[in-house]
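Worksheet: the structure to be examined is printed underneath.
In this chain, residues are counted from 1 in sequence order.
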Amino acid sequence: MQGWAEERTQMDTPLVTVLVPTWNGAVHLRATLRSILTQSYKNLQVVVGDDASTDDTPSILAAVAEADPRVEVVTHPVNGGQFVNQLALLERVRGEFVKFVMHDDVLATDHVRVLVRGLQAHPEARMAFSRRLHVDASGKEIPGSAERPLADRSGLLDGSDLVVRCLRAGANLVGEPTTVLMRSADLAAATEDLGFLDGETLWTLTDFTMWLRLLARGPAFYSPDALSRFRHHATQDSADARLISRGLLDWPRVVDWAHRSGLLADPGDRRAAYAQVLGRCAAWLIGPAGADLGGPAARAALLCLVGMHEVDAGVVGGDPDVPLALRAGAAPVGALLGTSVPAHVDSGLELVS
């Protein structure tokens, strides 16, 4: 009888792989790993990728791995960057479910348990996520940062509807990788061309495009409980003004990709999505960083204008193999301005980033 109970327990608690990419993360790494290893859900494989850290990260990882056999450390002798680290970690996945945790974020004790149970209860769901808290460097919740829940109770969110909600809002309403759990069987779809879109580098929306690819395949399980904490601090990439500026270029490209992929079919939704990004570009250009870091925002604004012009002109489809930046490069200036352009004037817009 005891053997049956053990077998049933193992069946109900499939292995979950937790991937932690890190580089010089010693300041917050202990708290992050503690939150993973003290999960109420115990059947974990924890793989940490150290991207040639020069701080105390290696010694922290050595001590944690020695104390807990669930922890595996992958050490890169040369810093290869975020995507190289993530791809190396993905090769180590053994669990039925998988998630990333960034080295400065923290999980609530029941994070894994709640999301695994959600995916088990809803086999059609392609991913599971929850509301998250925004905290400062010391771990305290940032005043005024509370998110409005996407639903009042736990359950399924329609994938297509969620894509439209995100793009109309011009925001990643799902959140950062730390908040998401997915099936390892769906990894290929989620991580297709990781870090790239239409062959071009993504500056900030790598995780968001992963979610879009999953949501294109089915619904998401969502919990309104705050099951993770996203830490904001001055040394993270999301605080880099130059990266934020370049990241604005990602948004019109993602809107166009979603349209060409059939995820943004309604012209009104498509126009609203471009308009949302255009407003953000304008705010950046007139802000304090606009004079020095306004180039990408200006190019993103022009891409939005081309996209909105296509909507207004009734362009319904579009070649799925020709992204917006290439179409914009051949767009007649006169069509955008509502005027004719003399034949001797070059009518191409050099918008390819």
Side-chain angles (χ1 to χ4, degrees), residues 3-21 32-49 64-65 68-74 85-103 105-130 132 154-159 162 174-194 206-207 209-223 225 227-228:
W4 176 87
E6 291 176 353
E7 182 180 353
R8 177 60 183 268
T9 299
Q10 181 66 26
M11 179 182 67
D12 289 344
T13 55
L15 182 65
V16 174
T17 299
V18 181
L19 306 176
V20 187
T32 298
L33 293 175
R34 187 182 308 116
S35 77
I36 296 170
L37 297 174
T38 58
Q39 285 290 298
S40 60
Y41 192 99
K42 302 299 183 184
N43 195 17
L44 304 176
Q45 173 202 16
V46 182
V47 189
V48 187
V64 172
D68 195 318
R70 296 176 296 175
V71 178
E72 307 169 21
V73 179
V74 178
N85 197 0
Q86 289 181 328
L87 288 171
L89 290 177
L90 288 170
E91 294 177 357
R92 301 296 186 102
V93 173
R94 292 190 287 108
E96 181 178 340
F97 301 99
V98 61
K99 69 177 286 75
F100 282 100
V101 176
M102 300 298 102
H103 70 202
D105 294 341
V106 176
L107 302 182
T109 303
D110 289 334
H111 176 101
V112 174
R113 182 182 62 81
V114 171
L115 298 188
V116 166
R117 296 296 181 252
L119 288 182
Q120 287 181 316
H122 301 283
E124 70 274 32
R126 298 298 97 199
M127 61 187 293
F129 70 105
S130 73
R132 72 237 194 254
S154 297
L156 291 182
L157 299 178
D158 181 82
L162 185 53
V174 173
E176 298 73 29
T178 295
T179 196
V180 172
L181 179 81
M182 52 190 156
R183 305 176 198 275
S184 56
D186 290 323
L187 272 179
T191 59
E192 180 183 359
D193 296 326
L194 184 67
T206 296
D207 50 347
T209 56
M210 289 172 62
W211 315 151
L212 295 186
R213 287 177 172 124
L214 288 173
L215 293 170
R217 296 163 58 88
F221 173 81
Y222 172 75
S223 170
D225 296 328
L227 298 179
S228 64

(message) Among Glu72, Gln45, Arg92, Lys99, exactly one meets side-chain hydrogen bond (donor to acceptor under 3.5 Å, both in side chains) together with Thr17. Which residue is that?
(response)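 When Glu72, Gln45, Arg92, Lys99 are each tested with Thr17, the side-chain hydrogen bond (donor to acceptor under 3.5 Å, both in side chains) holds only for Gln45.
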Are [X] and [Y] side-chain neighbours, meaning at least one heavy-atom pair lies under 4.5 Å?
X: Thr109; Y: Thr38; answer: no
X: Val16; Y: Val98; answer: no
X: Leu107; Y: Leu227; answer: no

Mind listing the closest non-hydrogen atom pair of [X] and [Y] along with its distance?
X: Gln120; Y: Phe97; value: CG-CZ, 4.3 Å
X: Gln39; Y: Ala108; value: NE2-O, 2.7 Å
X: Phe129; Y: Leu157; value: CZ-CD1, 4.0 Å
X: His103; Y: Pro21; value: CB-O, 3.8 Å
X: Thr13; Y: Asn43; value: O-ND2, 2.6 Å
X: Val101; Y: Val18; value: CG2-CG1, 3.6 Å

To the nearest 0.5 Å, how far apart are [atom1] in [X] and [atom2] in [Y]?
X: Thr206; Y: Asp193; atom1: OG1; atom2: CG; result: 11.0 Å
X: Lys42; Y: Leu15; atom1: NZ; atom2: CG; result: 14.5 Å
X: Leu90; Y: Leu194; atom1: CG; atom2: CG; result: 7.0 Å
X: Tyr41; Y: Arg117; atom1: OH; atom2: CZ; result: 5.5 Å

(request) Could you check Phe221 against Arg126 for side chain to side chain contact (heavy atoms under 4.5 Å, CB included), going step by step and ending with a plain yes or no? (result) CA-CA 8 Å; Phe221 173 81; Arg126 298 298 97 199; over 6 Å; no
Within the side chain of [X], is there an N or O that forms a donor-acceptor pair under 3.5 Å with the backbone of [Y]?
X: Asn85; Y: Gly49; result: yes
X: Ser154; Y: Ser223; result: no
X: Asp68; Y: Arg70; result: yes

Review item, side-chain donor-acceptor pairs of residues 176-183, under 3.5 Å, at least two apart:
{"residue": "Glu176", "atom": "OE1", "partner": "Arg132", "partner atom": "NE", "Å": "2.8"}
{"residue": "Glu176", "atom": "OE1", "partner": "Arg132", "partner atom": "NH2", "Å": "3.4"}
{"residue": "Glu176", "atom": "OE2", "partner": "Arg132", "partner atom": "NH2", "Å": "3.1"}
{"residue": "Thr178", "atom": "OG1", "partner": "Met102", "partner atom": "N", "Å": "3.0"}
{"residue": "Thr178", "atom": "OG1", "partner": "Asp105", "partner atom": "OD2", "Å": "2.7"}
{"residue": "Thr179", "atom": "OG1", "partner": "Ser130", "partner atom": "O", "Å": "3.1"}
{"residue": "Arg183", "atom": "NE", "partner": "Ala125", "partner atom": "O", "Å": "3.1"}
{"residue": "Arg183", "atom": "NH2", "partner": "Leu119", "partner atom": "O", "Å": "2.9"}
{"residue": "Arg183", "atom": "NH2", "partner": "His122", "partner atom": "O", "Å": "3.0"}
{"residue": "Arg183", "atom": "NH2", "partner": "Pro123", "partner atom": "O", "Å": "3.3"}
{"residue": "Arg183", "atom": "NH2", "partner": "Ala125", "partner atom": "O", "Å": "3.3"}

(request) Output, in order, the C-alpha distance, side-chain angles, deciding distance and verdict of side chain to side chain contact (heavy atoms under 4.5 Å, CB included) for Leu19 and Val46. (result) CA-CA 6 Å; Leu19 306 176; Val46 182; over 6 Å; no
(request) Take Val20 and Val47 through the side chain to side chain contact (heavy atoms under 4.5 Å, CB included) test and state the conclusion after the steps. (result) CA-CA 6 Å; Val20 187; Val47 189; over 6 Å; no
Only distances under 3.5 Å count here; give the side-chain donor-acceptor pairs of residues 210-218 to other protein atoms, sequence neighbours excluded, each with its distance to 0.1 Å.
{"residue": "Trp211", "atom": "NE1", "partner": "Gly175", "partner atom": "O", "Å": "2.9"}
{"residue": "Trp211", "atom": "NE1", "partner": "Asp207", "partner atom": "O", "Å": "3.4"}
{"residue": "Arg213", "atom": "NH1", "partner": "Glu192", "partner atom": "O", "Å": "2.9"}
{"residue": "Arg217", "atom": "NH2", "partner": "Asp186", "partner atom": "OD1", "Å": "3.4"}

